[in-house]
Structures are given as C-alpha cells and as structure tokens.
S.K.: 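To start, I am sharing the structure in question, which I have written as structure tokens.
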Amino acid sequence: MQILADIATVIVAVEALGIMCLEMWGTQTKAAQRAFELSPAYLKQKEAQVSMANQGLYNGFIGVGILLIRFVFPAEAIYPGLLLFIGFVVVAAVFGALTATKKIILTQGLPAIIALILLVASEI
C-alpha cells in the first residue's frame, strides 16, 4: 500500500509542477487555453498573465513541498506533512470546482483525493 501511496503522491506533485509551468510560462499555448478554459484574448492581457504566473508560483510551491516532504524530510514528518500539502490540493480543487470550472475536481482533485486515501490507508 505504501508504494501506491508514494506513486499517487508523486503524481500529485508532478501535476502541480506541470500546472505551474502552464500558468507561468505557457499561458499563450493552446494547452493552457484548453486546460483553463480561457480565451486567447484574455490570456494576452498583461494582468491575466501576471495573475496566472502568481497562481503558478503557488502550484510550484505545492509540488516542490510534496516532493521535499516525501523524499527529504525526516521520517516522522512525512505523514503529517503529506496530509497537509495533499489536503491543500484537495481544498484548492474543491474551491476551483465551485468558483472556476467543475472539471478541476476531476483533473486536479481526483488524483489528490486518491493519494490522500492511499496515504491514510498506508498508515493504518
């Protein structure tokens, strides 16, 4: 069970880092337009680019935080740290689904929810 929890945790971290890349450097791409359901005209606005880059930075913090907790932190800090950071992703996905687009709960929330369930199950 621990291996599955680790795999799911890394998937959540890599996804957060991927979202960071799209939000910080890929706002003018078709992938960003599809992923965020935003028009090219909106994404060309300087204010939108700055806002997206700031969101990307926070996604990067989450991704790096998850990886650091899992692979660098002392053993006794791994479980509570991962619960916290993966919990952040779940909360952000729920908020995004309520305020932006419903697909966030599937694309970002589902991997995090699965990781959270596997993480808790691996500690039982």
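Each residue takes its place number in the sequence, starting with 1.
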S.K.: Should Ile104 and Val91 be counted in the same cluster of Ile, Leu, Val, Met, Phe, Trp and Tyr side chains packed under 4.5 Å apart?
M.R.: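 Each belongs to a different hydrophobic cluster.
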S.K.: Test of understanding: clusters of I, L, V, M, F, W, Y form through side-chain heavy atoms closer than 4.5 Å, transitively. Do Val120 and Leu82 belong to the same one?
M.R.: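 Per the 4.5 Å side-chain linkage, Val120 and Leu82 are co-clustered.
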S.K.: What distance separates Leu67 CG from Leu17 CG, expressed to the nearest 0.5 Å?
M.R.: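 Reported value, rounded in 0.5 Å steps: 6.0 Å.
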S.K.: Walk me through it: do Gln2 and Asp6 pass the test side-chain hydrogen bond (donor to acceptor under 3.5 Å, both in side chains)?
M.R.: CA-CA 6 Å; Gln2 184 63 50; Asp6 287 344; 3.0 Å; yes
S.K.: Could you grab the distance from atom CD1 of Ile117 to atom CG of Leu4, nearest 0.5 Å is fine?
M.R.: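 These two atoms lie 12.5 Å from each other.
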S.K.: Can you give me the closest heavy-atom contact between Glu15 and Pro111, atom names plus distance?
M.R.: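 Reported closest heavy-atom pair: OE1-CG, 3.9 Å.
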S.K.: Considering only heavy atoms from C-beta outward, does the side chain of Ile19 approach that of Ile62 to under 4.5 Å?
M.R.: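 No, every pair of side-chain atoms sits at 4.5 Å or beyond.
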S.K.: Determine, using the 4.5 Å side-chain heavy-atom cutoff (strictly less than), whether Leu22 and Trp25 are members of one ILVMFWY cluster.
M.R.: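 Leu22 and Trp25: separate clusters.
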S.K.: Working to the nearest 0.5 angstrom, can you tell me the gap between Ile78 CD1 and Arg70 CZ?
M.R.: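 If I round to the nearest 0.5 Å, the distance is 5.0 Å.
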S.K.: For residues Leu38 and Met52, determine if any side-chain heavy atom of one lies less than 4.5 Å from a side-chain heavy atom of the other.
M.R.: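 Touching, per the 4.5 Å side-chain cut-off.
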S.K.: Do the side chains of Asn59 and Gln108 get nearer than 4.5 Å, heavy atoms only?
M.R.: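 SC-SC contact between Gln108 and Asn59 confirmed.
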S.K.: Would you give the length of the straight line joining atom CD of Gln28 to atom CD of Gln33, rounded to the nearest 0.5 angstrom?
M.R.: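 If we round to the nearest 0.5 Å, Gln28:CD and Gln33:CD are 8.0 Å apart.
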S.K.: Under a 4.5 Å side-chain heavy-atom rule over Ile, Leu, Val, Met, Phe, Trp and Tyr, are Leu84 and Leu116 clustered together?
M.R.: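 Shared cluster, yes.
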S.K.: Flag yes if more than 12 heavy atoms outside Phe95 fall under 6.0 Å of its CZ atom; otherwise flag no.
M.R.: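 No, because the 6.0 Å sphere around CZ of Phe95 holds 12 heavy atoms or fewer from other groups.
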S.K.: How close do Ile69 and Gly81 get, counting heavy atoms only, and between which atoms?
M.R.: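 Heavy atoms of Ile69 and Gly81 come nearest at CD1-O, 3.5 Å.
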S.K.: Could you tell me whether Tyr58 atom OH has more than 12 heavy atoms of other residues or ligands within 6.0 Å of it?
M.R.: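 No, because the 6.0 Å sphere around OH of Tyr58 holds 12 heavy atoms or fewer from other groups.
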S.K.: For Gly26 and Ala32, which heavy atoms make the closest approach, and how far apart are they?
M.R.: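 Shortest heavy-atom separation between Gly26 and Ala32 comes out as O-CB, 3.1 Å.
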S.K.: Identify the heavy atoms of Ser122 and Ala5 that sit nearest to each other, and give their distance.
M.R.: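 Reported closest heavy-atom pair: OG-CB, 4.1 Å.
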S.K.: In the hydrophobic clustering that connects Ile, Leu, Val, Met, Phe, Trp and Tyr at side-chain heavy-atom distances below 4.5 Å, which members other than Ile3 occupy its cluster, ordered by chain and number?
M.R.: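 Ile3 clusters with Ile7, Ile11.
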S.K.: Which heavy-atom pair separates Ala48 from Tyr42 by the least distance, and what is that distance?
M.R.: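 Between these two residues, the closest heavy atoms are CB-O, 3.2 Å.
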S.K.: Shortest non-hydrogen contact from Arg34 to Lys103?
M.R.: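 Taking Arg34 first and Lys103 second, the nearest heavy atoms are O-NZ, 2.8 Å.
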S.K.: What I'd like to find out is whether the side chain of Ile66 reaches to under 4.5 Å of the side chain of Phe88, using heavy atoms alone.
M.R.: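 Ile66 vs Phe88: side chains apart.
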S.K.: OG1 of Thr9 to CZ of Phe85: how many Å apart, nearest 0.5 Å?
M.R.: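 That separation rounds to 13.0 Å.
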S.K.: Are Met20 and Leu43 co-members of a hydrophobic cluster defined by side-chain heavy atoms under 4.5 Å apart?
M.R.: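 Per the 4.5 Å side-chain linkage, Leu43 and Met20 are not co-clustered.
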